[in-house]
Amino acid sequence: MAEKIINLKNEAIGNILEAKDEKELERLKILYLGRSGKINQLTKEFPHFSPEEKIKAGRQLNETKKAIEEALENQLSAVSNQLSAKEEWFDVTEPSIKPKIGHLHLLTEAIREISSVFEKIGFVRVRYPEVEWDWYAFEGLNMPSTHPARDDFESFFVDTPAHPKLGRMTLTPHTSNGQLREMERIKPPIRMINIARCHRPNWDITHTPTFHQFEGLVIDKGINISHLKGIFDYFAVNFFGKDRRTRLRPFHFQFTEPSFEVDINCPLCLGKGCRTCKSGWMELGGSGMVHPRVLENGGLDPNIYSGFAFGWGVERTYIMRSGLKLGDIRPLYESDLRFINQF
Ligand code: FA5
C-alpha cells in the first residue's frame, strides 16, 4: 500500500507541475482529490487492513493529500503570475509618458527671492512666533491697550489666560513683533529680515485674512534716514528692475518716528504718470526710524543706538512686480490648481 501511495503522490505532483492553466489544474484537483478521485479510491482497500496498517496508510494518505493540495496552490499562483507578466509586458523603446512634476507655490518663490535680495547685503533671515504675546505685537511697540492706533492692526486674539507681564495672546497682525524679539536675541549691529504669516479679519481683492509681511530692521550706531532710503533703492533695483526707484511720504506709525509710506515708481511710465498708475508712483508699505521708546523696550540705549524698520506685504510686493498682472490676491490662498499651475 505504501508504495501505491508514493506512486500516486509522484504521479499527481508531476502532472500538476506540467499544468499550464487554471482549467487543467481544476481537472487534476477533481482527478486526485474529488469524491471519486484517486485518493478516495485507495481508501476503499482499507477494510482489508489490520488496525495498525489502517492507521499507517491513513496517515500516509493524509500527508499525500496535503502535498497535492499545496502543489495545486503553488502551481495556480505560478500560472496566474505568468499570465499577468504576459499582460504587463511593455516595449521599453516606446516613448514614455512625462510624469507630472510639482513646483513651488508663487508665495514660496516670492519669500525666497525677497530673502535672497536682502541676504546679499548682510541681512539675516529670522522667524518669530506667529501666535504672540500682546507685549511684542502692541504694548512694547508703543501701543498701550487703550491706544486707538491698535485699530489699524485689527487682530484675532486667542482665548487663553493673560500672562501677568506680557498680556494676552494674539495671531500676529504684523511682523513688527520681530523688532523687539530681535533686540532681545542679539545686540547691535542688527540687520534682520523677518518674513512671516500675519492675520487680520479682512477679505477683499487686495486683502486676505492670512497674508505675509517681510519686516526689515537695521540698528547700529549712527544709522539715519539716508541708510533707510539707500536700502529701499537697492531693493527696488534688485527686485523690481534697474529703472525702479522709491520715494518717501510722511506717515504715522506708533513705533517709528519719523514714519514714512514708501512708494515705487510705476513700471510703465517710471514716475511720469500714466493711465495705469495716475500719479507715477505705487505704494509699497510702511517704514520709519525706530522710536526711542521701542529701542528702550528692546533693552537698547537710544542715546547710543538708532535704527530703521520697514514692513511690507509679500503678496502685494510680488504682484506689483511688472509682468505679473493679478487683479485679486485671494486666489493665492484658494489652492485651485488651474490658477497655481499658471506660474
Ligand atoms: C504694518 O503692518 C506695519 N507693521 C509696517 C511697518 C513696519 C511700519 C515697520 C513701520 C515700521 P500696514 O498695516 O500698513 O503696516 O501693513 C503693511 C503691509 O501689509 C500693507 O502695505 C499690505 O501690503 C500688507 N497687508 C496688510 N494687511 C493685509 C491683508 N489683510 N492682506 C494682504 N496684505 C495686507
Side-chain angles (χ1 to χ4, degrees), residues 106-107 110-111 114 118 123 128 130 132 136-143 147-156 170-183 190 192-219 223 225 227-229 231-232 235 239 246 248-264 281-295 297-298 306-321 326-334:
L106 196 61
L107 284 174
I111 289 170
I114 291 167
F118 284 105
F123 280 70
Y128 287 118
E130 290 170 4
E132 183 60 288
Y136 294 101
F138 291 115
E139 189 93 28
L141 294 175
N142 224 5
M143 287 185 276
H147 201 286
R150 283 192 177 218
D151 292 350
D152 295 337
F153 307 94
E154 306 155 279
S155 307
F156 293 105
T170 174
L171 304 186
T172 42
H174 58 169
T175 41
S176 298
N177 63 316
Q179 294 187 24
L180 291 166
R181 291 261 179 198
E182 185 73 348
M183 288 181 232
I190 290 173
M192 167 197 94
I193 192 81
N194 173 31
I195 310 185
R197 220 181 285 226
C198 303
H199 308 267
R200 295 184 198 178
N202 307 145
W203 183 254
D204 60 41
I205 57 167
T206 52
H207 295 86
T208 44
T210 294
F211 59 100
H212 294 77
Q213 284 186 349
F214 58 107
E215 181 97 6
L217 177 72
V218 173
I219 301 178
I223 296 292
I225 294 175
H227 295 118
L228 165 149
K229 182 69 168 70
I231 294 290
F232 294 168
F235 181 71
F239 187 73
T246 59
L248 306 179
R249 271 184 295 116
F251 201 71
H252 175 79
F253 288 104
Q254 275 296 108
F255 34 94
T256 46
E257 182 57 36
S259 303
F260 311 101
E261 280 285 21
V262 185
D263 294 338
I264 183 161
W281 296 88
M282 296 150 93
E283 189 186 305
L284 259 183
S287 71
M289 300 305 293
V290 182
H291 196 288
R293 205 169 299 149
V294 175
L295 288 172
N297 288 342
S306 57
F308 67 85
F310 55 94
W312 303 342
V314 170
E315 293 79 0
R316 181 179 298 183
T317 306
Y318 202 62
I319 66 179
M320 274 172 62
R321 198 150 75 160
L326 272 189
D328 189 338
I329 69 166
R330 289 174 293 189
L332 287 172
Y333 289 100
E334 282 170 354

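In listed order, ligands and their atoms are each counted from 1. Quantities reported herein were computed from a predicted structural model and do not represent experimental measurements.
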(message) Closer than 4.0 Å to some heavy atom of E215 - which atoms of ligand 1 meet that?
(response) 7 (C), 9 (C)
(request) Answer yes or no on whether R181 is positioned over the face of Y136, meaning its NZ or CZ is under 6.0 Å from the six-membered ring centre and within 45° of the axis. (result) yes
(request) With the side chain counted from C-beta on, respond yes when V218 and F310 share a heavy-atom pair under 4.5 Å apart, and no when they do not. (result) no
(message) Out of H252, R200, E154, who is nearest to atom 12 (P) of ligand 1 when you count heavy atoms only?
(response) R200
(request) With heavy atoms only and a cut-off of under 4.0 Å, state how F310 meets ligand 1: side chain, backbone, both or neither. (result) backbone
(request) Report the C-alpha distance between E283 and R316 in whole Å, list the side-chain angles of each, state the deciding distance to 0.1 Å, and finish with yes or no for salt bridge (charged side-chain N to carboxylate O under 4.0 Å, His left out). (result) CA-CA 9 Å; E283 189 186 305; R316 181 179 298 183; 3.6 Å; yes
(request) Show which atoms of ligand 1 fall inside a sub-4.0 Å distance from at least one heavy-atom site of F255. (result) 3 (C), 4 (N), 6 (C), 7 (C), 8 (C), 9 (C), 10 (C), 11 (C)
(message) Please state which option from Q213, H212, H207, H174 has its nearest heavy atom closest to atom 16 (O) of ligand 1.
(response) Q213
(request) Report yes if some N/O of N202 lies less than 3.5 Å from some N/O of ligand 1; otherwise report no. (result) yes
(request) Please identify which atoms of ligand 1 are closer than 4.0 Å to at least one heavy atom of T206. (result) 31 (N), 32 (C)
(request) Name the option, out of R316, H199, E315, M320, that contains the heavy atom nearest to atom 22 (C) of ligand 1. (result) R316
(message) Can you name the atoms of ligand 1, numbered from 1 with element, that are less than 4.0 Å from a heavy atom of A309?
(response) 9 (C), 11 (C)
(message) Centroid separation under 6.0 Å, is that true for the rings of H291 and F255?
(response) no
(message) Quiz question: by atom type and distance under 3.5 Å, do the side chains of S176 and E215 form a donor-acceptor pair?
(response) yes
(request) Could you tell me which atoms of ligand 1, counted from 1 in the order shown, lie closer than 4.0 angstrom to a heavy atom of Q179? (result) 9 (C)
(request) Have a look at ligand 1 and work out which part of S287, if any, has a heavy atom under 4.0 Å from it: side chain, backbone, both or neither. (result) backbone
